[in-house]
Number of protein chains: 2
Amino acid sequence: MAVTIRDIAKQAGVSVATVSRSINSATKNQVREETRKKIFEIIKKYNYFPDQIARSLSTRKTRVLGLCMPFRASVFSSDYFTGIIIGAIESARRLGYELKIVLLSETARGLDISDVNKTSAIDGALLVGTRIEDELLPVFRNSDAPWILVNNYSENDDGKTNFVDCDNKKGAYDAVNYLFDMGHREIAFIKGPADSRNANDRFAGYMKALKKNGIKSDKSLFRTGDFTEKGGYLAAQELLADKNNITAVFCADDEMAVGALQAVKDKGLNCPKDISIIGFDDIRLSRYVDPPLTTVRQPIYEIGKVAAQMLVHIVEGKIQTPVSKVLQTELIERDSCAIAARK
Amino acid sequence: MAVTIRDIAKQAGVSVATVSRSINSATKNQVREETRKKIFEIIKKYNYFPDQIARSLSTRKTRVLGLCMPFRASVFSSDYFTGIIIGAIESARRLGYELKIVLLSETARGLDISDVNKTSAIDGALLVGTRIEDELLPVFRNSDAPWILVNNYSENDDGKTNFVDCDNKKGAYDAVNYLFDMGHREIAFIKGPADSRNANDRFAGYMKALKKNGIKSDKSLFRTGDFTEKGGYLAAQELLADKNNITAVFCADDEMAVGALQAVKDKGLNCPKDISIIGFDDIRLSRYVDPPLTTVRQPIYEIGKVAAQMLVHIVEGKIQTPVSKVLQTELIERDSCAIAARK
DNA sequence: CTGAAAGCGCTTACAG
DNA sequence: CTGAAAGCGCTTACAG
């Protein structure tokens, strides 16, 4: 049988209340040092660890954060998933929290986030990988349970959401300006899925940059991908077949950029000589393809880190909500973009 | 205030016991259908969800599995980490469990796995990324709490450990035979860290294949890497400087193989013409380097899946321990190996 | 500084 | 088929 606080109390000749006070940093000063010392000896001797479950039932706090996400392949894209988790777990750990992965059912059965909290025994939620279609957001908003939207805030949002994200629009804007400065005028764009908020913001950034540079947008220059390599390949293939005067393509994520790169090669064209390609995210693979991909880096690890930290602050009531943080992207120049070829 | 079982009982005009029985599949048949129906109406009406914490305290089961690992970079290598987690979480979910990530402190302070279970509120542990130096294993063995060693079993082990792993020795053996059949006789080996069990088993497989083919092992053909790309690069560089007659190098993981490939290129040599390279794991990157890497595929997703499933079976007492499963590796032929060049 | 007692929200023998 | 009651292992007002 496991040793409980009762056993310790009995052996130390004190009440369970005194043992409890001794082992909780907030109350340990209420106990005479000498008493505490004796208690800790007994604790050590019996190798006692307080039961976290009992503690939670009593305090109504679990000290665990939920990383909540739909079970969708794109969320689990290795670099993204790993980055968020490691960032989050580092913060959590430092602040004395653990991390639990909770999968949201695809069939969003009107689950309220406070239900998630109760059924999953978490103090707060990091909401990752949502899409507009999930319709998770509206219902989450009606909850007073602490949660943070990670990486899917939209500038068209309601202003009441806690979130951390990178500046998708600005990142895309920068990418297009970069291409423009290299002389590109016919810049194609491969969008992400229509129901992805950050995909939309990236598109908005593209449009904004076009406008600023006096280029009028041309619908025949857009294609929609699904954030996968294959989707990028297909979209680029179409683009290359239709329009022979494009000199650059901006992809809403690196996966699609990798696919687009392959399409360019398969068409017998050279990147960057004939076509420049620029991606978004800076996944590990970007450095290894040939040519290495120029891209807009999203500080994913930082995002996870900041998000978890922020969530803990909310949970502990140390911060006023709504709260948010927008991290900056960084243009990473590699070899997939070059001065626009004369056409 | 959240609604509790009391509220439901009161509204339904029954006792909490009856409500409790109704909502637990194991006991729901003890309740008259009519009564149950009424109870569920009330539950729905009040949007009641049973508190998992209270349940856990009462049943002494949490229905969460712990993915326990040291906080070490190599564990978090994207493909590995993601593969294990997704595999594990899928099994867990299907069986009604959740997954919590618990970081083991580097400074292994004599933590017993049963303590982990108590302090982390988990029913069982998946032990990932351990090294011999961790000295976690011996202490874990003294515990009766359910746990499974993932991916680090050694054939020299005690036979009492629950584990799932791939057949590292056999995989390495296959790789070397493959090279031998292509005419290679001077086959270098870049080992993993000395305190990694699977690294050692892979080395053992290499040695076994050498012996079987009548090649005597040559110490000058071994180098030790650290499972990272950089380590592989450095080791290969040394190898290439020292021995000019090697025609192939087998790397204990793909990360090192990618590094080795770069070293070969930097030396002005061609892979596979001058030097064949073969890796282990089949990480995503392997398909993208130039030339694409021939490697020994480790079914990492399957490993996570089987491990979680096995753990649940142990936790629920449905299976006799010790229990284990060894999954087979698969040689993936790509373009980094060729017939040995005459020297 | 310390203890007795109530309470956190469930489950489950026990009795009927 | 149902209920009253004890119990899971803690924390925390309350009283002294």
Side-chain angles (χ1 to χ4, degrees), chain A residues 1-40 42-43 46-64 114-115 117-123, chain B residues 1-40 42-43 46-64 114-115 117-123:
Chain A
M1 249 327 270
V3 18
T4 73
I5 199 172
R6 286 184 103 82
D7 303 317
I8 300 302
K10 190 175 296 177
Q11 294 302 322
V14 297
S15 73
V16 294
T18 303
V19 176
S20 176
R21 290 190 188 102
S22 301
I23 60 182
N24 285 91
S25 51
T27 47
K28 71 175 181 190
N29 289 327
Q30 297 171 19
V31 181
R32 196 152 50 103
E33 166 131 25
E34 200 180 334
T35 314
R36 229 190 306 151
K37 227 171 201 163
K38 184 171 46 172
I39 290 172
F40 276 115
I42 305 287
I43 284 178
Y46 287 87
N47 198 30
Y48 167 72
F49 287 88
D51 183 302
Q52 192 53 44
I53 299 284
R55 236 177 197 174
S56 294
L57 183 58
S58 196
T59 60
R60 304 275 68 201
K61 293 290 171 205
T62 59
R63 298 196 78 84
V64 0
S114 65
D115 303 334
N117 282 30
K118 196 153 58 157
T119 54
S120 280
I122 58 179
D123 288 347
Chain B
M1 246 330 269
V3 17
T4 72
I5 198 171
R6 286 185 104 83
D7 303 317
I8 301 301
K10 190 174 295 175
Q11 295 301 323
V14 298
S15 71
V16 295
T18 302
V19 177
S20 176
R21 288 190 190 101
S22 301
I23 60 182
N24 286 89
S25 50
T27 49
K28 70 176 183 191
N29 289 329
Q30 298 172 19
V31 180
R32 197 153 48 106
E33 167 130 22
E34 200 181 334
T35 314
R36 229 191 304 152
K37 228 168 199 166
K38 185 171 45 172
I39 290 172
F40 276 114
I42 306 287
I43 284 180
Y46 286 87
N47 198 31
Y48 167 71
F49 287 88
D51 183 303
Q52 191 52 47
I53 299 286
R55 236 176 198 174
S56 294
L57 183 58
S58 194
T59 60
R60 305 275 68 203
K61 293 290 171 205
T62 59
R63 298 196 79 84
V64 0
S114 64
D115 303 334
N117 282 29
K118 197 154 55 158
T119 54
S120 281
I122 58 179
D123 288 347

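Sequence lines set the chain letters: A, B, ... in the order given, protein chains first and strands last, and positions in each chain run from 1. For the numbers below, each heavy atom of this structure counts, side chains included, while hydrogens, waters and symmetry mates do not.
- When all heavy atoms are compared, the tightest approach of B:V19 to B:A9 is CG2-CA, 3.7 Å.
- Spacing between atom CZ of A:R6 and atom C1' of D:dC8 amounts to 11 Å, rounded to whole angstrom units.
- A donor-acceptor pair under 3.5 Å is absent between the side-chain atoms of B:R55 and the main chain of B:P50, judged by distance alone.
- Separation of the C1' atoms belonging to C:dG16 and C:dT12 is 16 Å when rounded to the nearest angstrom.
- Note on B:N29: only backbone sugar-phosphate atoms sit closer than 4.0 angstrom, heavy atoms only; bases stay farther off.
- The distance from atom CD of B:E34 to atom P of D:dC1 is 11 Å, rounded to the nearest whole Å.
- Of the possible donor and acceptor atoms, none in the side chain of B:D123 sits under 3.5 Å from a partner among the backbone N and O of B:K61.
- Comparing atom distances between the A:S58 side chain and each of C:dA4, D:dC8, D:dG9 picks out D:dG9 as nearest.
- Nucleotides C:dT2 and C:dA6, compared at atom P, are 23 Å apart to the nearest Å.
- Of all nucleotides listed (C:dT11, C:dG9, C:dG3), C:dG3 comes nearest to the side chain of A:V14.
- Between the A:S56 side chain and the B:I53 main chain, no donor and acceptor come within less than 3.5 Å of each other.
- The nearest whole Å value for the distance from the CD1 atom in B:I23 to the C1' atom in C:dT12 is 13 Å.
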Taking it one step at a time, do B:T35 and B:V14 satisfy side-chain contact (heavy atoms from CB on, under 4.5 Å)? CA-CA 8 Å; B:T35 314; B:V14 298; 3.9 Å; yes
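- Between B:Q30 and A:A54, the residue whose closest nucleotide on DNA chain D is further toward the 5' end is B:Q30.
- The side chain of A:L57 lies closest to C:dG9 when the candidates are C:dT11, C:dG9, C:dT2.
- With rounding to the nearest 0.5 angstrom, the CZ atom of A:R21 is 6.5 Å from the OG atom of A:S15.
- To the nearest 0.5 Å, the span separating CD1 on A:I43 from CD1 on A:I23 amounts to 5.5 Å.
- At a threshold of 4.0 angstrom between heavy atoms, the contacts of A:T59 are confined to the sugar-phosphate backbone, with no base atom among them.
- Looking at the side chain of B:S20, the nearest of the listed nucleotides C:dC10, C:dT11, D:dT11 is C:dT11.
- Remark on DNA chain D: of its neighbouring residues A:V19 and B:R32, the 5'-side contact belongs to B:R32, judged by nearest-heavy-atom nucleotide.
- The CZ atom of B:R36 sits 11 Å away from the C1' atom of D:dC1 (whole-angstrom rounding).
- Of the listed nucleotides (D:dC14, D:dG7, D:dA4), D:dC14 has the atom at the smallest distance from the side chain of A:R21.
- For A:D51 (side chain) and A:A54 (main-chain N/O), a donor-acceptor pair under 3.5 Å exists by modelled atom type.
- For B:S15, a side-chain nitrogen or oxygen approaches OP1 or OP2 of D:dG3 to under 4.0 Å.
- One interatomic measurement links the two molecules: CD1 of A:I53 to C1' of C:dC8, which rounds to 13 Å at whole-angstrom precision.
- Looking at B:R60, its side chain has no donor and acceptor atom pair within 3.5 Å of the base of D:dG7.
- In this structure, B:K38 places its NZ atom 13 Å from C1' of D:dC1, rounding to the nearest Å.
- Atom NZ in A:K28 sits about 16 Å away from atom P in D:dT12, given to the nearest Å.
- A straight line from CD1 of A:I5 to C1' of C:dT2 spans 14 Å, rounded to a whole angstrom.
- When heavy atoms are screened at a 4.0 angstrom cut-off, A:T35 is found touching the sugar-phosphate backbone but no base atom.
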For DNA chain C, please output the secondary structure as dot-bracket, reading 5' to 3'. Pairs are Watson-Crick or G-U wobble, both atom distances under 3.5 Å; mark crossing pairs with [ ], other-strand partners with |, unpaired with a dot. |||.||||||||.|||
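- Looking at heavy-atom distances under 4.0 Å, B:T18 makes contact with sugar-phosphate atoms alone, never a base.
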